[in-house]
Amino acid sequence: MSFNPNQGKKFAEVLKETPRVNDDSSKGVSSKESSNYIKREKRRPYTFSLTPSARTKLTEIAKEHGYSSSSSFLNDVILQGKL
C-alpha cells in the first residue's frame with residue numbers, strides 16, 4: 001500500500017462537513033419522555049439478621065410475586081408502604 005498525499009486532504013474535508021442529524025427527535029415528545037426510563041437510586045449493601053425460617057419464607061414470597069431476588073422484593077415492599 002503506497003502513501004497518497006491527497007488522501008489527507010480528503011479526510012480533512014470529510015471531518016469539516018457538518019453531520020446530518022435526523023430531525024425526528026426534535027418533534028413532539030422528547031426522547032427522555034418517550035422512553036420507559038425509570039430513575040432508580042444506586043443500591044448499597046446493608047447487613048441485618050433473620051432467622052433461617054424467616055429467610056426461607058421471604059424467598060418463597062418473593063418468588064411467588066415474580067421477583068428473582070428477595071432483596072428486590074423487600075426493597076419494593078418497603079417503598080410501597082405495604083410493610
Side-chain angles (χ1 to χ4, degrees):
M1 181 184 227
S2 64
F3 176 74
N4 184 351
N6 293 328
Q7 191 70 25
K9 293 178 185 177
K10 289 180 184 177
F11 284 131
E13 289 174 15
V14 170
L15 292 175
K16 287 181 183 179
E17 289 180 11
T18 57
R20 296 179 184 153
V21 179
N22 189 354
D23 289 337
D24 291 342
S25 63
S26 64
K27 297 177 184 174
V29 186
S30 71
S31 61
K32 196 171 193 177
E33 292 173 359
S34 66
S35 70
N36 290 332
Y37 176 76
I38 299 172
K39 187 174 182 180
R40 295 188 181 244
E41 292 180 68
K42 187 174 181 180
R43 291 180 170 241
R44 292 182 171 205
Y46 293 97
T47 304
F48 58 94
S49 300
L50 294 173
T51 60
S53 59
R55 174 63 182 188
T56 303
K57 185 69 174 174
L58 176 61
T59 304
E60 289 173 6
I61 295 170
K63 286 184 180 181
E64 287 174 6
H65 286 86
Y67 285 85
S68 59
S69 72
S70 55
S71 175
S72 295
F73 171 72
L74 191 56
N75 187 66
D76 287 351
V77 168
I78 291 170
L79 292 177
Q80 292 174 5
K82 294 182 179 180
L83 215 175

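This chain uses plain numbering: 1 for the first residue, then up along the sequence.
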How long is the gap from [atom1] on [X] to [atom2] on [Y], to the nearest 0.5 Å?
| X | Y | atom1 | atom2 | result |
| --- | --- | --- | --- | --- |
| E60 | S70 | CD | OG | 11.5 Å |
| F73 | T59 | CZ | OG1 | 10.5 Å |
| D76 | S71 | CG | OG | 9.5 Å |

Heavy-atom nearest pair, S69 first then A62, reads O-CB, 4.1 Å
In terms of hydrophobic clusters joined by side-chain contacts under 4.5 Å, are I78 and Y67 together?
-> yes
Flag the pair R43 / S72 as yes when at least one side-chain heavy-atom distance between them is below 4.5 Å, and no otherwise.
-> yes
Taking side chain as C-beta onward, heavy atoms only, is F48 less than 4.5 Å from L74?
-> yes
